[in-house]
Amino acid sequence: MKATRSVLAGLVPVAAAVATGHLVAGLVDPQASPFLAVGNTAIDLTPHPVKDFAIRAFGENDKLVLLGGMAVVLAALGVVAGLLSRRGPGPGVVVAAVLGLLGLAAVLTRPVTTGWSVLPPLTSLVVGVVVFRWLWSRARPAEVPGRRRFLVSAGLVAAGAAVAGAGGQLLAGRVDVEASRRRITLRPRDPAPEIPFGADFAREGTPSFLTPNPEFYRVDTALSVPRVRAEDWRLRVHGLVDRELVLTYDDLLRRPLVEKTITLVCVSNEVGGRYASTANFVGVSLPELLREAGVRPGADQLATRSTDGWTCGTPVDAIMAPGSNALLALGMNGEPLPLERGFPARLVVPGLYGYVSATKWLVDAELTTFTAFDPYWARRGWAKRAPVKVMSRVDRPRSFERLPAGRVVAAGTAWAPHTGIDRVEVRVDGGPWQRATLATQVNADTWRMWRIELDLPPGSHTVECRATDRAGTTQTGDRAAPVPDGATGWHSMVFTAEG
């Protein structure tokens with residue numbers, strides 16, 4: 001068998017298997033797509049250093065890079081299977097079967113599965129094996145009519161795979177969540193105060209005080225964004241409670257809605273990183289909700305679960321502390337939560353890193369203990385209690401920027417959510433620390449911008465910053481990676497002042 005036909009005989013069945021599995025998943029359960037299930041399993045098994053690198057290098061595009069990489073690997077395996085099967089179909093059948101079984105195993109080990117979840121990977125397995133054997137048999141004849149029949153057959157299968165893949169994608173998105181969002185109007189009884197003038201130094205290089213929804217950072221494990229209509233959403237509050245609650249979205253809308261301005265921070269944020277954002281969140285008071293359920297003595301963890309099975313553990317004392325401002329959030333910045341930010345509902349607990357406080361696509365909340373349950377990231381070595389560390393960064397000058405010598409404005413952002421920033425200090429080239437001017441404070445749960453004017457001679461310079469919170473804790477200069485409870489260190493920028 002010619003090498004070109006061998007390659008096609010191995011490559012096309014892989015595409016057909018993946019596409020038909022995706023199509024069937026669109027009919028029964030989008031999360032049961034073997035392609036996505038393998039990707040989600042890969043995320044779960046990826047070592048921390050690799051995950052951190054992916055987040056640093058690709059940001060919110062890390063999932064697209066993963067899916068693209070998986071597609072390349074599958075294509076390569078198909079090519080190898082075809083080339084190994086030039087003398088007989090055995091190697092290709094084995095590769096197709098192994099890939100199908102891997103997809104089945106990935107689906108079965110996902111945290112949310114049903115009896116129907118096995119259909120997509122089983123379909124992929126059968127289609128992969130059958131299509132490979134059929135194309136291999138049609139690729140064997142050496143005469144011209146035989147070669148033409150093979151090319152036509154391979155082309156038809158490839159076209160069918162493209163249609164099936166597109167169909168699966170359309171079916172997976174058939175739940176009209178955007179129409180559900182458009183029907184919702186959120187009217188907080190207790191709106192957040194207006195953001196005061198001077199709350200940021202955006203003209204001098206800091207972010208705007210409120211982060212627009214499309215720019216709000218996103219770090220999660222979901223390869224495909226869960227699609228749940230508000231009309232179908234339910235939240236179960238159970239466990240160590242006096243009375244179990246099952247709440248609908250309308251139940252929440254009938255409760256008093258409050259609006260709070262809150263900064264969220266991701267624990268994956270490196271020193272100087274951009275995974276911090278601020279929004280006006282609208283929702284129901286979480287402490288009041290838990291008081292209604294009745295928290296039993298000994299319950300020290302609220303274990304929450306996303307609709308895709310991801311789990312989070314939040315300290316109960318942080319939620320129930322006076323003035324915690326913890327929310328079961330339904331909206332942000334004047335609109336219902338965007339899909340990528342957690343629609344229909346999410347958790348927002350100020351002062352804690354997102355992996356222990358910000359469950360998106362929330363459907364289950366169980367009062368339990370830290371000894372009884374380890375959530376997703378705790379099982380992977382991250383801290384169970386993760387208060388946000390006091391942190392600051394330089395937003396201007398930018399790295400290796402060239403500026404006129406003389407009067408140079410440096411500006412940046414600092415945060416210590418739920419404690420508040422008291423001061424920021426800046427130094428140049430290792431010199432004495434100088435106190436920066438702070439922007440108007442909005443509240444203790446939000447970030448605070450800073451600026452300082454520096455007189456600099458021509459040459460290369462390094463500017464560093466450190467913050468001190470209102471409890472007197474000063475940002476440490478000791479460098480530490482994000483694992484297990486958040487990065488530490490002073491942020492610096494190197495730039496050039498030109499004479």
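Computation of the quantities below employed the complete heavy-atom set of this structure, encompassing side-chain atoms and omitting hydrogens, waters and symmetry-equivalent molecules.
For the residue pair V394 and C465, the shortest heavy atom distance occurs at CG2-SG, 3.8 Å. Heavy atoms only, all atoms of each residue included: A467 and I421 are closest at CB-CD1, 4.0 Å. Residues P484 and G381 approach most closely at CB-O, 3.6 Å, considering heavy atoms. Across P34 and G103, no two heavy atoms sit closer than the pair CB-CA, 4.0 Å.
For the pair L108 and T113, the minimum side-chain heavy-atom distance is 4.5 Å or more. The side-chain heavy atoms of L330 and L253, taken from C-beta on, include a pair separated by under 4.5 Å. Residues L247 and R234 have side chains not in contact (no heavy-atom distance under 4.5 Å, counting atoms from C-beta outward). Looking only at side-chain heavy atoms (C-beta outward), F370 and R385 come within less than 4.5 Å of each other.
Of the possible donor and acceptor atoms, one in the side chain of R448 sits under 3.5 Å from a partner among the backbone N and O of A439. Panel note: side chain W361, backbone L339; a donor-acceptor pair is recorded below 3.5 Å. Side chain of T473 to backbone of D469: no donor-acceptor contact under 3.5 angstrom is found. The closest donor-acceptor contact from the side chain of T488 to the backbone of D478 lies under 3.5 Å. With hydrogens and angles ignored, the 3.5 Å screen pairs no side-chain donor or acceptor of W382 with any backbone N or O of P482. Side-chain N or O atoms of S180 include one that pairs as donor or acceptor with a backbone N or O of A230 at under 3.5 Å.
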Item to complete: Show your reasoning for whether salt bridge (charged side-chain N to carboxylate O under 4.0 Å, His left out) applies to K63 and D220.
Response: CA-CA 10 Å; K63 299 173 182 64; D220 54 54; 3.5 Å; yes

Worksheet item: Can you check side chain to side chain contact (heavy atoms under 4.5 Å, CB included) on N40 and T221, steps first, answer last?
Response: CA-CA 7 Å; N40 282 315; T221 63; 5.6 Å; no

Item to complete: Take V225 and V177 through the test side chain to side chain contact (heavy atoms under 4.5 Å, CB included) and record every step on the way to the result.
Response: CA-CA 11 Å; V225 176; V177 181; over 6 Å; no

Worksheet item: Yes or no on side chain to side chain contact (heavy atoms under 4.5 Å, CB included) for V228 and Y249, after CA distance, side-chain angles and deciding distance?
Response: CA-CA 11 Å; V228 180; Y249 199 89; over 6 Å; no

Discussion item. Using the rule given for side chain to side chain contact (heavy atoms under 4.5 Å, CB included), can you reason through R423 versus T474, listing the C-alpha separation, both sets of side-chain angles and the distance that settles it, and then say yes or no?
Written reply: CA-CA 9 Å; R423 67 180 182 271; T474 298; 4.2 Å; yes

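For the side chain to side chain contact (heavy atoms under 4.5 Å, CB included) with S357, the lone residue among L302, V348, L352, T304 that qualifies is L352. Checked against S392 for a side chain to side chain contact (heavy atoms under 4.5 Å, CB included), the options Q475, H491, M449 give a single hit: Q475.
In Q441, the CD atom is crowded: over 12 heavy atoms of neighbouring residues, nucleotides or ligands sit closer than 6.0 Å. Counting non-hydrogen atoms of neighbouring residues, nucleotides and ligands closer than 6.0 angstrom, the CZ atom of R182 exceeds 12 such neighbours. Within 6.0 Å of atom CZ in R470, 12 or fewer heavy atoms from other residues, nucleotides or ligands are found, so the atom counts as exposed in its surroundings.
D308 and R110 are not joined by a salt bridge, as no carboxylate oxygen comes within less than 4.0 angstrom of a charged side-chain nitrogen. Between D445 and K260 no salt bridge is recorded (no basic side-chain N to carboxylate O distance below 4.0 Å). Look at K384 and D374 and you find a salt bridge, because one of the NZ, NE, NH1 or NH2 atoms lies within 4.0 Å of a carboxylate O, short of that distance. Salt bridge status for R451 with E204: present, with a side-chain N to carboxylate O gap under 4.0 Å. Taking the charged nitrogens against the carboxylate oxygens, R305 and E366 have no contact shorter than 4.0 Å, which rules out a salt bridge.
Going from atom CZ of R341 over to atom CZ of R346 covers 9.0 Å, rounded to the nearest 0.5 Å. Taking CG from L438 and CZ from F201, the interatomic distance works out to 7.5 Å, rounded to the nearest 0.5 Å. Considering OH of Y355 and CG of D485, their distance stands at 6.5 Å, rounded to 0.5 Å. To the nearest 0.5 angstrom, Q434 atom CD is 10.0 Å from E425 atom CD. Put simply, CG on L290 and CG on L286 are 4.5 Å apart, with the number rounded to the nearest 0.5 Å. In this structure, CZ on R396 lies 6.5 Å from CG on L403, to the nearest 0.5 angstrom.
Annotation: side-chain hydrogen bond (donor to acceptor under 3.5 Å, both in side chains) contacts involving residues 282-301, sequence neighbours excluded, comprise R255-E292. Listed by first and then second residue, the ring-ring contact (aromatic ring centres under 6.0 Å, His included) pairs involving residues 418-444 are W433-W490 (not counting sequence neighbours).
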Got a list of side-chain donor-acceptor pairs under 3.5 Å for residues 311-323, not counting sequence neighbours?
{"from": "T311", "atom 1": "OG1", "to": "Y376", "atom 2": "N", "distance (Å)": "2.9"}
{"from": "T314", "atom 1": "OG1", "to": "V356", "atom 2": "O", "distance (Å)": "2.6"}

Only pairs under 3.5 Å count here: list side-chain donor-acceptor contacts from residues 183-193, not counting sequence neighbours, and write none if there are none.
{"from": "R183", "atom 1": "NE", "to": "E231", "atom 2": "OE2", "distance (Å)": "3.2"}
{"from": "R183", "atom 1": "NH2", "to": "E231", "atom 2": "OE2", "distance (Å)": "2.5"}

Quiz: residues 261-273 side-chain donor-acceptor pairs under 3.5 angstrom, not counting sequence neighbours:
{"from": "T261", "atom 1": "OG1", "to": "N280", "atom 2": "OD1", "distance (Å)": "2.5"}
{"from": "T263", "atom 1": "OG1", "to": "T278", "atom 2": "OG1", "distance (Å)": "2.5"}
{"from": "T263", "atom 1": "OG1", "to": "W447", "atom 2": "N", "distance (Å)": "2.8"}
{"from": "N269", "atom 1": "OD1", "to": "R274", "atom 2": "N", "distance (Å)": "3.2"}
{"from": "N269", "atom 1": "OD1", "to": "Y275", "atom 2": "N", "distance (Å)": "2.7"}
{"from": "E270", "atom 1": "OE2", "to": "R56", "atom 2": "NH1", "distance (Å)": "3.1"}

Side chains of residues 492-499: which donor-acceptor partners sit under 3.5 Å, not counting sequence neighbours?
{"from": "E498", "atom 1": "OE2", "to": "R402", "atom 2": "NE", "distance (Å)": "2.5"}
{"from": "E498", "atom 1": "OE2", "to": "R402", "atom 2": "NH2", "distance (Å)": "3.0"}

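Side-chain contact annotation: D200 with T206, donor-acceptor N/O pair under 3.5 Å absent.
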